[in-house]
Each structure stands twice: as structure tokens, then as C-alpha cells.
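Worksheet for the structure shown next.
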Amino acid sequence: MAKKARKAAAQGTNGSAKKAAALTARDKKTLKDLIGLADRIVDDAQKKRDPYIDIPTRALSNVRYNKTRRRIEMGSNKNRRQLFNLSQAKSYMQTVLVASGCKQLIEQGKTTSIRGLYYLLKHTIEGTREETFDDQAECDPVIEDVEVGLNSLREELHVYASNRGNLVGPLTLVDSGDEIDCSRMGSAGYSIPSIVEQDVIEFKKCTAKFILHVEKDTVWRRFSEDKFWQKHNCILTHGGGQPPRGVRRMLNRLHNELKLPIYCLLDNDPWGYYIYSVIKQGSINLAYESERMAIPDAKFLGLRSRDYERCGLSPSVKINLNEQDIKRAKQIASYPWFEHKKAWQKEIEQMLSNGFKLEVESLISKDISYVTETYTPARLADGEWLD
Amino acid sequence: MAKRPSKNGQAAELDDELLEKDEAAASAGQNGDAPRRKRRATAHSMAASQRDISVSEFFAKNRHLLGFDNPRKALLTTIKEAVDNSLDACEEAGILPEIWVHIEQTGTNRYKVGVQDNGPGILKKQIPLIFGKLLYGSKFHRLRMSRGQQGIGISAAGMYGVLTTGKPVKIISKVSRRKPAHYYEIKIDTKKNLPEILNGGGDGVDIPPGEAGSKYIQKHGIEWIELDHGTRVTIELDGRFHRGRGSVDDYLEQTAIANPHVTLHYLDPESGTGQGEERVYERSTTRLPREPKEIKPHPYGIELGMLVTMLQDAKAMTLSQFLTSSFSRVSPSVASRICETAGLSTRANTTKIGRNEADKLFQAIMQTKIGAPATDCISPIGEELLLKGLHHVVPGEFYIASTRPPAVYRGNPFLIEVALAYGGMSSANRVPLDVLGELLAESDARTLRQFLSSTFYGLGSEAADKIIKEAGIGPRTSPGKLKPAEIARLHEAMRSVNLEAGQTMNVLRYANRVPLQFQHGACAITQMVMQTNWRSYGLTQSRGQLPTGPVTIMVHVASVWVPFTSESKEAIASYPEIQKELRLALQSVGRKLGMYLRRRLKVKQEGERRNIFLRYLGEVAGAVSEINRADRKKLYDQLLLVAKRKTASADLKLDERGKVVDEEPTDFGDNVLIVEQKSDFGIRNSEAKNGQKGS
């Protein structure tokens with residue numbers, strides 16, 4: 001039993017009979033960090049200084065592309081968040097609130113979703129009509145701030161995101177003690193949890209040869225119903241658009257621990273490119289987690305800009321690029337991890353000269369199972385993908 | 001001197017030649033295209049109908065030029081002319097003016113207006129001419145600041161009265177205690193522009209003092225307040241009485257602002273029916289304005305034709321004598337310089353100056369540097385009295401006044417004064433419920449929205465919409481058809497809605513202390529106020545519009561000859577010199593207002609800043625103590641200390657009541673008045689007084 005926890009229980013000033021749970025070593029470290037944060041504030045107040053919290057900047061300006069490791073890494077820039085600064089006062093208060101919420105969760109040995117934490121901390125500020133958080137969108141980035149600020153992971157703060165993303169394939173795993181055969185999960189497949197670390201999920205048995213990651217549920221269902229994973233002996237995943245951390249971590253573990261290559265089938269638009277980019281070298285926002293998330297060997301299988309002609313698609317599936325798309329595409333093309341890849345530059349250029357984008361679903365216009373029976377097998381057989 | 005064409009049409013030789021040429025050209029044209037047609041009228045037949053037009057006939061037809069274009073304005077103009085004359089007379093005689101204005105309704109759209117003053121009175125033989133002849137007066141020919149200028153006003157009002165009601169103008173005047181008052185009933189003969197005296201066999205009547213006199217007066221349907229000297233004029237006319245913008249009430253209130261030495265008694269039509277009571281605007285100073293001196297014209301203001309006429313009128317004298325005696329600011333040395341430039345001898349006799357010489361002389365005058373005219377012909381209200389007057393009538397929290405040094409346009413000295421009041425509630429916030437009911441009943445506005453924006457100053461349509469919405473009444477409701485409950489709701493809404501945002505600046509225009517109430521768009525004052533960039537002084541303003549905010553600005557143009565755009569004296573013409581002075585005056589008050597608003601904003605912002613910090617301190621302290629079990633209270637107090645240090649400037653200027661304490665009184669310079677805002681504090685104060693009375 002940790003000394004701190006005992007002390008806390010003994011003091012019990014909050015009056016609630018909260019039961020202190022057994023703390024793991026990781027919990028102890030996180031608690032220590034949280035208390036350190038609070039102690040600094042007390043210290044500053046005593047010395048009549050402006051209290052502040054330094055939070056690493058989560059922006060493109062503060063990420064670096066590590067060429068040897070082939071992933072995005074976070075720089076050392078920090079944003080100072082001050083209590084006595086008009087524009088930061090509220091977010092400062094929110095940051096401290098989130099820290100205290102996480103501390104409660106850890107002490108009680110419980111976890112909650114980010115939405116749950118939002119409700120836990122949401123209340124009216126005393127003497128005003130202002131809420132601590134107006135909506136969840138205001139709370140989520142603050143949780144990320146605390147993660148980065150304390151250099152700890154979301155699960156270490158006992159917070160998880162809601163599940164998004166499914167998996168099907170010849171894989172058996174143990175999830176919180178339950179053995180699950182992912183090939184026998186019915187039509188909806190196995191729902192990938194937010195936290196997939198080793199203490200939660202353990203891989204038991206896997207016969208798959210590769211992983212096919214698709215963008216969204218519709219396409220995933222097509223593949224799943226057509227039993228593509230059986231025919232090709234693979235694991236089939238989707239992340240509901242931009243894959244959440246659970247999905248990315250899962251892919252990362254499958255790739256690294258089971259040595260499975262990963263192929264992505266995404267839309268032919270800037271958004272699809274960026275999803276691939278995030279899977280491959282990590283996201284700008286969560287650059288500090290790239291190490292656990294990025295899969296530098298992931299391949300981009302489709303859709304390609306040339307597929308409209310190659311597959312003879314009907315003109316009605318074209319979606320015109322809007323101004324924002326064009327801007328975004330140019331931005332992506334200039335990312336350092338795309339900048340020097342000729343194939344990618346050509347790909348993006350072609351999309352821009354096409355003037356339209358294509359969704360994976362557009363292949364369905366050829367034939368319902370065109371994507372599973374013709375398109376994907378052909379690409380895999382030809383070994384034609386972008387890296 | 002060359003022969004000039006006389007008025008009767010006896011053309012000079014030169015002109016004959018011209019005529020012949022014209023005719024030749026015309027006939028050539030006619031021969032060219034069409035057969036000669038028979039003339040409709042010959043020169044002889046036309047000459048038979050050509051005749052003189054009398055001024056009074058002209059103005060009877062063109063009464064809109066004098067401000068009698070509609071019944072509403074007619075009533076106001078009548079009162080205005082009478083009051084202006086009274087004030088001029090009193091000030092000229094050095095008497096502290098006291099004026100009685102009495103309006104009585106005598107029929108639908110028919111009112112009897114009586115205006116009395118305590119002035120010097122008018123000599124018996126002058127009365128008919130002053131009140132019964134257009135363009136008769138003492139003020140036209142002299143250069144001196146006065147309210148009246150042309151000698152049209154009051155006689156035109158009388159003429160209008162006679163035209164619309166057939167009732168004569170009734171005048172009582174008393175010049176001293178020892179002499180009896182004269183009573184005249186006068187009609188103006190519009191054909192001849194001459195007065196026609198109706199009573200006493202064309203000679204007027206002397207009213208005996210005492211009982212008999214007052215009985216006589218009562219019998220003739222006029223009132224006379226017993227005074228040692230003074231004049232009362234009573235005119236019955238077709239008119240409309242209304243309240244709000246451009247009303248008699250407004251005119252008198254604004255007159256009181258610009259004339260703090262005047263006491264005004266005002267009985268409106270309702271007072272006769274026992275509903276209202278006499279309103280009195282007490283004077284706030286007993287000091288009469290400095291008597292303006294009469295001056296000679298300044299050479300720069302003269303035109304060639306005028307110079308020629310003056311030379312002709314002058315008795316035989318040397319040129320030097322002529323220049324020094326007929327113009328101001330021309331000393332013998334200036335005169336000799338002018339003559340030198342013109343190439344004329346200073347000793348030249350004025351009778352020998354021909355057209356060419358006059359032209360040369362005129363050019364020389366314009367080229368010679370001559371000092372600005374003396375400015376003692378203008379009597380400004382003065383910054384102190386401006387502040388007093390404005391504060392007396394317009395509620396606010398910040399007052400500033402500025403009087404510019406005199407300047408000259410076209411040789412006429414003039415002077416600009418500006419006073420500004422900021423803050424305070426708008427009239428719409430202050431109106432009592434019963435008055436609102438009256439206003440609604442009287443209004444001829446078709447919709448409630450129109451009523452609100454036309455009745456209250458500075459209330460834009462935006463604010464009107466807000467009020468109507470708040471009251472929950474249909475915006476197209478007719479103001480006369482509101483139920484008492486609805487009126488109560490409207491009143492409540494008018495009090496509660498914050499009007500500051502949509503309120504536009506209230507511009508009060510004055511010319512020689514007379515408020516101008518119409519044609520504000522055409523007036524140089526309004527135009528300059530709009531052109532001034534008030535945004536840099538902390539007000540909001542759309543381009544080319546009046547700024548918004550709780551601001552009242554008063555602009556006074558004083559001059560020996562105010563350049564009005566028409567005889568009805570409603571708008572001031574835009575001379576570049578006047579525009580420049582207006583701009584400078586507006587900017588000088590604007591700068592002070594900006595300083596005040598910035599300081600106010602800073603204190604407010606600092607206060608807000610602290611509020612924001614304070615709001616979150618409790619949360620932060622709570623969360624921190626949750627994490628590390630620190631003492632919440634102690635942490636909170638420590639953070640509070642830091643917060644106070646960070647927002648120290650909010651502290652500096654707030655005393656224990658949270659009121660702004662002026663620590664830098666020298667900041668604004670002179671002629672600034674800052675009034676503590678009346679909050680509920682004022683009510684508490686009055687309650688306390690009541691309590692004392694009770695005990």
C-alpha cells in the first residue's frame with residue numbers, strides 16, 4: 001500500500017468514504033506526477049508568483065519527422081498556461097480540474113470514458129452562472145493537455161475513449177480475462193477497446209498473414225460479409241474514419257508482435273491520405289505517442305487517383321474537390337514525410353488535376369462485390385501499393 | 001461714372017445695341033424654318049400686368065420659407081419668433097429676461113399663443129410697424145450678434161395668424177411704471193406691407209392702470225402679467241400642438257440650455273384644462289451675457305457692388321477717411337497701403353472715384369493684409385455656463401464644453417461653442433407612466449415603432465423594436481389604441497430595455513442662442529458632427545452617420561450674421577471657415593470624451609479581469625487541494641493576493657463603495673464636469689430624507 005494513499009485515506013477531508021484501491025506501480029508514478037503539479041501551484045501561490053503549467057505544444061510547428069525511425073516525434077516547444085492571464089484563466093482552471101478528476105479515478109481504481117470524466121467535472125462555478133465546461137469538446141483537449149503535460153498515457157490517467165473500430169479474422173485474444181475468438185464474432189466483429197495494452201489484451205493465437213485496414217464500417221461490412229478474411233487469411237479492421245488510439249495501438253501491436261504487414265484501403269481524398277499518414281507515422285496532435293502508435297511499414301493499397309480510369313467508373317461517383325480539399329491536399333503534399341516521395345507527389349498531383357475525389361464505396365457502383373473480389377485481390381497480387 | 005440702366009426699363013444705349021442683336025438673331029432663326037406666327041401677347045399688353053410685388057404678398061404665398069409650412073411648425077415658429085424677439089429686447093436693455101409662454105387651444109387645430117416678457121417695452125408709434133410690417137426692424141443694418149436678423153419673423157407670424165383665423169394680432173406694451181400700457185389690435189395689409197390698426201379708431205388704446213385695466217384686458221381675451229415694463233403679443237393661429245421631437249416643449253427646453261440667464265414660464269394647452277401645470281425653467285445664473293458691440297463691416301467681407309454703393313453714399317471725403325471710417329480694422333496706415341496697392345492717392349475725393357477706380361480699390365483691399373475683425377461683437381455663452389446649462393437639463397455623468405476663439409467668414413466674425421454630455425438615461429427611460437399615456441393618445445404616428453422613434457430623442461428604430469418586443473405588443477399596433485395594461489407593459493419595457501446600444505447621438509444646434517430644430521440634415525453642424533471620426537474617441541459610429549451612445553452634443557454658432565440656408569432659419573450654410581472651426585471644436589471635446597471613456601473602460605476592464613480571475617480561483621484552489629490535500633482556504637487567500645496584485649490598477653481608482661475616485665483631476669483640463677452616476681444610491685438618499693421628515 002502506498003504511503004500517499006494511506007495518508008489520503010487517513011485525512012479524508014473531503015468527507016466521502018472513498019475506498020482507496022490497490023495501486024499498481026504505474027498508478028503510483030502517475031499520482032506522484034499529479035501531486036507534483038498541484039504542489040507547484042501551492043508553491044507559486046506561497047511565493048506570490050503567477051502559477052503556470054507548461055504544456056508541450058501540440059501543433060505542426062512542434063513536431064519533427066524522424067527520418068531514421070520514420071515517424072513523427074514531438075519537439076520541445078511548450079505553451080505556458082497561466083492562471084492570471086485573461087485568455088488562459090479558464091483553461092488553466094479546467095486543466096487543474098481534469099488533473100483532480102484523474103487523481104480521484106486512480107485512487108479509486110476506476111476508469112471512465114472521456115465523456116464520463118467530462119460529467120464528473122462539469123458543474124456550475126460557485127457564485128456565477130458559468131459552467132466549468134460548456135461541452136465535451138471543451139473538455140477533450142484539456143484531457144490531452146494533461147496527458148502531454150504529465151507525459152503520461154490516457155490509460156495511466158484511468159480515462160478511455162469510446163469504442164470505435166472493429167476487427168474480424170483468425171485471431172484469438174484474451175480481453176480482461178475473457179478468451180475471444182475473433183473469427184467467431186458474428187456480423188459485427190470484435191469491437192476494439194480504447195485501451196489495448198498488454199495488461200488488458202493478450203494475443204493467444206493468430207494464423208493470419210496480413211492485416212487489411214479499411215476506412216469505414218460500410219466497406220468493412222462488405223469485406224466481412226464476403227468472407228474476404230477467410231479467403232485471403234487476413235485480419236480485417238476499420239477505424240470509423242480517423243482511427244482512434246485504441247485501433248492504432250491494436251494495429252501497432254499486431255504488426256510488431258505478430259509481424260503482420262498492414263495494407264490500408266482508404267478513400268482517394270486528402271482525408272484518406274491523412275488517415276494513412278496518421279497510421280504510418282503518427283498524428284501531429286498525439287506525436288508524443290507515436291512510438292506506440294506509428295507503423296512506418298504500413299502500405300497504401302487504394303484508392304488511387306488513377307482508379308477512375310483504370311476501373312472504368314461511372315462519372316456519377318465523382319465528388320468535386322472543394323477549395324478546402326485542395327488546400328488540405330497541398331498541405332499534405334508538403335509534409336516532410338510525403339515531401340520526398342515521388343510516388344506520393346504524383347498521386348496527390350493527379351488527384352488535384354482530376355479535380356475530383358473518390359470514396360472506396362464508389363467501387364460498389366461497378367458491382368457489389370467488385371472491391372472484395374476484383375479490386376483488392378488484384379492490387380495485392382500485383383503488389384501495387386504506395387509506401 | 002457710366003450711365004447705368006435704371007429700374008424702369010429705360011435702357012441705356014449699350015443695352016439697346018445688345019437687344020437689336022438679339023432680335024436680329026431671333027428673326028433670322030424664324031425666317032429659316034417656319035412662317036411667322038401671331039404673337040400671343042405684345043410687350044404692351046404684358047406691361048399692363050407687370051407690377052410691384054409686395055414683400056408680404058411674396059411671403060404670404062411662400063410661407064414655407066419662413067417656417068410656416070405645416071400647422072405644427074407654424075405654432076412652433078410663432079412662439080420661437082416671439083421668444084427670440086423678447087430675449088433680444090431684454091438683453092439689449094440689460095434686463096434679466098423672464099418670459100411667459102402661454103398656449104391655449106381655442107378650437108380643433110386652433111391655438112392662441114401668448115408670449116410676454118419683462119423687456120423695455122415698445123414705443124407706441126413703433127408697435128404697429130414692428131408687428132405689422134415685414135422687413136422692418138433694427139437688426140438688419142447693424143453688424144452685431146442678435147437672435148433676430150431680418151425683421152420678418154414676428155410680423156410674418158402675425159400675418160399667418162390673420163390669414164388662417166382672421167383674428168388680429170394683439171399687443172400690449174408698457175414702457176415704464178408711470179406710463180399706461182398700450183393695447184393694439186393689428187392686421188397686416190399684405191398688398192401694401194403695412195399695418196392696419198383695428199382698435200381705437202386706428203390709434204390703439206391706452207389701458208388704464210389698476211382694476212379697470214385688468215378688466216378691459218380680460219374682456220379682450222388676453223392675459224397680462226402685471227409688470228412695470230414689458231410686452232405681450234397674442235396671436236391666434238391654425239396649428240397643431242404635439243410633444244416630442246421638434247415640439248414647443250423641446251424648443252423651450254433647449255432655449256433654457258443655451259440661455260442660463262433666462263427664466264421661462266410655460267403653460268401648455270393642457271394646463272388650461274387643468275391637466276398640466278405651469279412649467280418653470282429657472283435661470284441658473286443672474287449674470288447677463290456680455291453686451292455685444294456693434295461693428296462696422298470688415299473689408300474682407302465686402303463685395304464690389306457694395307463698395308460702389310458705399311462710395312456713392314459717402315459724403316465727400318478723402319479716400320483714407322472713407323476707408324478708416326466705414327470699415328473695421330482699417331487704420332490710416334492700412335488705408336494708405338490699400339491706396340498704394342490700388343495706385344490711388346489717399347487724398348483722392350470719394351466723389352471722384354469711378355467704376356474702374358472702385359474695382360482697383362476692391363482688388364487692393366483683398367490683397368492687403370488686414371487684421372481679423374474685432375470679436376466683441378459676439379457674446380459667447382461661455383464654457384462655464386454651457387456646462388451649467390447642459391447639466392441643468394440633460395442628465396449625464398460627464399460634461400465637457402469648449403469655446404473656440406472667434407474666426408471670420410466673408411468678413412463676418414463668428415464663434416463656435418460645443419458642449420457635450422455623456423451618459424445618463426435616455427428620455428425614453430425616464431418618461432413617467434401617465435405622461436407616456438398622454439403621449440400615446442396625442443401621437444399621430446401610425447405605428448408604435450414610429451411613435452417611439454419620433455417621440456424620443458436618440459431612440460433608433462432598432463431600440464424601438466427591442467422595446468416593442470420586450471413589451472410583447474404587435475409592432476404595427478396603432479399607438480392610440482393601446483389598452484391600459486399594454487401601456488403599462490410598454491412603460492415597463494421602456495424602463496428595462498438597455499437603450500444605450502442603439503441610441504444615436506443627440507445633436508442640439510444653436511445659432512445665436514436660438515435652438516434650431518428642423519432640417520438637421522442640411523445643416524453644417526450636423527454634417528460636421530457626422531464627418532468627425534468619433535470612433536477614435538471611443539464611440540461607435542457607422543461611416544457618415546451620427547455616432548451611437550448616450551451622448552448629447554450642443555453646438556452653438558454665434559455670429560453677427562449667421563448664414564442660414566433660408567429665411568426660416570433652420571439650417572446653417574456650410575462655409576469652409578465655419579466647417580473648419582466646427583471641426584476643431586468638435587475634436588477638442590471629442591478628445592476629452594475619449595480620455596474619459598478610455599479611463600472608464602480601463603477601470604471597467606480591470607474590474608472585469610479581476611472578476612474573471614476571482615471566478616476561477618475557487619475552482620483552482622478546490623481542485624489543487626483535492627489532489628495534494630493542501631489547505632483550500634489558505635491557498636485561495638494566497639491566490640487572491642496574487643490576483644489583487646495583478647489587477648492593481650482596478651483597485652487604485654475604486655474606493656470602498658466601488659465608485660470611481662478621481663485621482664487625476666488635472667487630467668482633463670478646464671471645463672469638464674464629472675458627475676457620479678445616480679444609481680440606487682440616489683433613491684436611498686431620498687428615502688433617508690423622507691424618513692427625517694416623518695420623524
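Quick note: numbers below take in every heavy atom, side chains included, and nothing from hydrogens, waters or symmetry partners. Protein chains get the first letters and strands the later ones, always in sequence-line order, with residue 1 at the start of each.
Annotation: the span from Asn628(B) atom CG to Asp39(A) atom CG amounts to 4.5 Å, rounded to 0.5 Å. Here the straight-line distance linking atom OH of Tyr616(B) with atom OG1 of Thr132(A) works out to 10.0 Å at 0.5 Å rounding. Taking CG from Leu635(B) and CD1 from Ile41(A), the interatomic distance works out to 8.0 Å, rounded to the nearest 0.5 Å.
With sequence neighbours excluded, no residue forms a side chain to side chain donor-acceptor pair (under 3.5 Å) with Arg248(A). Every residue meeting the salt bridge (charged side-chain N to carboxylate O under 4.0 Å, His left out) condition with Lys29(A), not counting sequence neighbours, appears here in chain and number order: Asp33(A). Taking the side chain to side chain donor-acceptor pair (under 3.5 Å) definition, one finds that Arg535(B) meets it with nothing, sequence neighbours left out.
Closest approach of Val96(A) to Ala623(B), counting heavy atoms only: CG1-CB, 3.4 Å. The shortest heavy-atom contact between Glu626(B) and Lys103(A) is O-NZ, 3.1 Å.
Looking at Leu639(B), both its backbone and its side chain come within 4.5 Å of chain A, counting heavy atoms on both sides. Interface residue Glu130(A): only side-chain heavy atoms are found under 4.5 Å from chain B.
The pair Glu619(B)-Lys122(A) does not meet the salt-bridge criterion, since no charged nitrogen lies less than 4.0 angstrom from a carboxylate oxygen.
When the heavy atoms of residues 43-55 of chain A are compared with those of chain B, the residues falling under 4.5 Å are Ala45(A), Gln46(A), Lys48(A), Arg49(A), Asp50(A), Pro51(A), listed by number.
Contact annotation: the side chain of Phe84(A) approaches that of Leu617(B) to within less than 4.5 Å [non-hydrogen atoms, C-beta and beyond].
Residue Asn151(A) qualifies as open at atom CG: its count of foreign heavy atoms under 6.0 Å is 12 or below. Within 6.0 Å of CD in Glu202(A) there are 12 or fewer heavy atoms belonging to other residues, nucleotides or ligands.
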